[in-house]
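Heads up: the structure comes next, in structure tokens.
Lettering follows sequence order; numbering is per chain, from 1.
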Protein chains: 2
Amino acid sequence: MTPGDDTVETRELAYFVAVAEELHFGRAARRLGIAQPPLSRAIQQLERRLGVRLLERDHRTVTLTDAGATLLREGHTALAAVSAAVRRTRRAGRSEPSLVLAAKPGGDADLLPEILAAYAATPGALPVDIVFSARERGAMVRDGRADAALLHAPREDLTGLAVEELLVESQVAVLPRGHRLAGRAELSMADLDGEPLPRWPSAVPEGFSRIAESGQLMHLVALGRAVAVVPESIRANLRHDVVGVPVADAPPTTLVLAWPQNTRSRALAAFVRAAAEAARLSRP
Amino acid sequence: MTPGDDTVETRELAYFVAVAEELHFGRAARRLGIAQPPLSRAIQQLERRLGVRLLERDHRTVTLTDAGATLLREGHTALAAVSAAVRRTRRAGRSEPSLVLAAKPGGDADLLPEILAAYAATPGALPVDIVFSARERGAMVRDGRADAALLHAPREDLTGLAVEELLVESQVAVLPRGHRLAGRAELSMADLDGEPLPRWPSAVPEGFSRIAESGQLMHLVALGRAVAVVPESIRANLRHDVVGVPVADAPPTTLVLAWPQNTRSRALAAFVRAAAEAARLSRP
DNA sequence: GGGGGTCATACCGCGAGGGTATCGCCCGTG
DNA sequence: CACGGGCGATACCCTCGCGGTATGACCCCC
């Protein structure tokens with residue numbers, strides 16, 4: 001009850017987040033694997049300790065107060081920070097250290113071999129494990145599953161990450177070989193108005209399930225069901241039945257190496273330096 | 001004992017951080033206000049749960065393992081995230097909402113009145129509380145004591161913050177009126193070689209206590225005990241016995257408005273917009 | 001007006017966390 | 001070399017708080 005008590009247990013945070021997301025004590029309790037009454041009590045106790053009403057219950061429905069909304073947001077990031085701490089600690093305790101790099105299949109602008117070679121030539125270089133993911137690379141760095149990731153700005157969100165720019169690329173439209181625009185030397189975004197979505201990969205095409213992998217997207221393009229605008233470096237790896245045409249006014253994309261800020265690992269610093277150097281050397 | 005348990009209570013984190021900082025179970029226990037044996041047990045249990053050795057004890061001295069060092073770092077930021085969540089929640093629950101802006105005395109480039117006026121003219125504007133601090137403004141934003149702060153990049157660390165650039169300034173050297181360089185129209189950094197420290201405010205002058213406030217620094221300058229290199233905007237508010245001389249090759253300083261990333265408060269967004277607009281309008 | 005659903009309250013049992021006492025160990029020191 | 005002091009670990013106990021079950025209060029809907 002001391003008002004100066006400025007901390008809260010992660011269990012309480014997790015309980016509140018569950019209730020705030022479900023807006024239903026029973027479901028939240030089931031999701032947490034506990035009974036409903038203890039959960040009600042825990043939330044009341046949390047409200048008492050914070051001196052703030054978090055939820056408005058009117059016996060039929062549960063809604064968030066302003067304070068509850070901020071605790072949902074902030075509590076989420078706090079919980080993420082805690083489990084990131086746990087994961088990074090576990091990784092740091094492994095007997096044989098290594099670096100985990102998250103990359104996107106075909107999304108490395110063919111820089112990966114040079115980067116790995118440059119780092120491997122560093123004295124004391126650790127083995128590097130590559131893990132591929134299309135959409136989770138940023139999250140993997142943030143939550144400690146990976147030490148670093150290759151990301152595309154501004155398509156991907158870089159908040160909370162430290163970054164090193166590797167390569168600025170213009171973009172190309174990927175079209176089926178027989179498309180009316182496929183023969184053009186250059187396009188503008190306006191030329192693509194009315195073309196079937198998704199213009200941007202990882203958007204949800206109408207009536208289709210989420211695109212999980214670039215092969216699916218390219219297949220859709222080949223079928224004439226989609227048009228993709230992607231960094232020009234993937235032109236080197238297009239399937240035979242699609243073509244890439246430069247889009248003059250598409251915003252340039254930057255390939256960056258991202259890692260968690262606050263990290264001061266010797267190995268990671270060396271890797272970042274090697275990657276920057278490799279990117280610099282392979283620039284025309 | 002389930003290895004998939006990916007979380008840790010904040011109490012355990014705080015316990016470990018205390019031990020890791022003190023490197024002494026007895027002192028850490030005293031600092032935490034508990035007895036030593038429960039603390040030993042808690043750390044052992046934490047190590048068991050993480051499956052990682054955090055501390056090396058050789059019956060005389062305690063040292064951190066690699067994993068312990070990362071848990072110290074990461075645990076610190078995780079605890080900070082938790083108490084920031086608590087503070088922001090408490091603030092969001094106040095009955096009469098307001099914005100807290102952290103500024104440095106004399107460090108606003110005289111923009112503050114315009115910014116406040118521009119925001120006050122916004123429909124639905126909240127009252128703005130100004131809190132002054134020379135060195136803690138970044139920390140205040142990070143831990144939820146303030147909603148936003150005026151910071152000087154690159155002098156101050158912006159990691160973990162979202163920022164809006166307000167003003168790029170060149171820098172001036174502040175010298176005693178009778179100084180041999182005081183009459184010059186312009187200096188270079190080389191001219192200041194050998195001048196008494198601190199060149200940069202908030203550095204620690206030899207033999208002096210830490211400078212807590214810019215008035216102290218200006219006093220030291222007047223006494224000929226220090227030379228300061230500061231943004232040119234403070235020239236408008238110099239005491240009579242010191243002068244400001246432009247330093248041609250000093251790196252430019254950027255005045256930024258910073259706020260916690262992940263914040264999506266209506267009021268804060270309006271304030272940022274108003275500040276950016278005010279800064280744009282007052283630019284020559 | 002009764003039944004189902006939802007959150008709060010009442011009550012209980014157990015286990016985790018904290019306290020005291022003590023051990024084991026090492027290192028000074030006379 | 002014996003001894004005392006300092007430190008972390010262990011042993012043991014006790015309390016409090018978390019979680020469980022049963023039930024109440026209230027509202028909505030049929």
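Comparing C/dC7, D/dG8, C/dA21 by their nearest atom to the side chain of B/Pro37 picks out C/dA21. Here C/dC7 is the nucleotide among D/dG8, D/dC18, C/dC7 with the atom lying nearest to any side-chain atom of A/Val62. Of the candidate nucleotides D/dG8, C/dG19, C/dC7, C/dC7 has the atom nearest to the side chain of A/Phe25.
Comparing B/Gly33 and A/Pro38 against DNA chain C, the residue whose closest nucleotide sits nearer the 5' end is A/Pro38. Between B/Thr61 and B/Arg41, it is B/Thr61 whose nearest contact on DNA chain D lies nearer the 5' terminus.
As rounded to whole Å, 12 Å separates atom C1' of C/dG17 from atom CD of A/Glu9. Atom-to-atom, CZ of B/Arg49 to P of C/dA16 comes out at 10 Å; the value is rounded to the nearest Å. The distance between atom CD of A/Glu12 and atom C1' of D/dG17, rounded to the nearest whole Å, is 11 Å. In this structure, CZ of A/Arg27 is placed 11 Å from C1' of C/dT6, rounded to the nearest angstrom. C/dG24 atom C1' lies 15 Å from atom CG of B/Asp58, rounded to whole Å. Rounded to an integer number of Å, the gap from B/Ile34 CD1 to D/dC16 C1' is 16 Å.
Atom CD of A/Glu47 sits about 11.5 Å away from atom OG1 of B/Thr89, to the nearest 0.5 Å. For the atom pair CZ (A/Arg87) and CE (A/Met140), the distance works out to 9.5 Å, reported to the nearest 0.5 Å. To the nearest 0.5 Å, atoms OG1 (A/Thr65) and CZ (A/Arg53) are separated by 8.5 Å.
In terms of polar N and O atoms assigned as donor or acceptor, the side chain of B/Arg11 never comes within less than 3.5 Å of the base of C/dG17 in a complementary pairing.
Counting any heavy atom pair closer than 4.0 Å across all strands shown, B/Gln36 reaches a base atom. A/Gln45 comes within 4.0 angstrom of the backbone, heavy atoms only, and of no base.
Comment: A/Arg273 does not engage A/Glu164 in a salt bridge, judged by the lack of any side-chain N to carboxylate O separation of less than 4.0 angstrom.
In summary, the side chains of A/Thr77 and B/Asn262 do not present any donor paired with an acceptor at a separation below 3.5 Å, with no hydrogens or angles considered.
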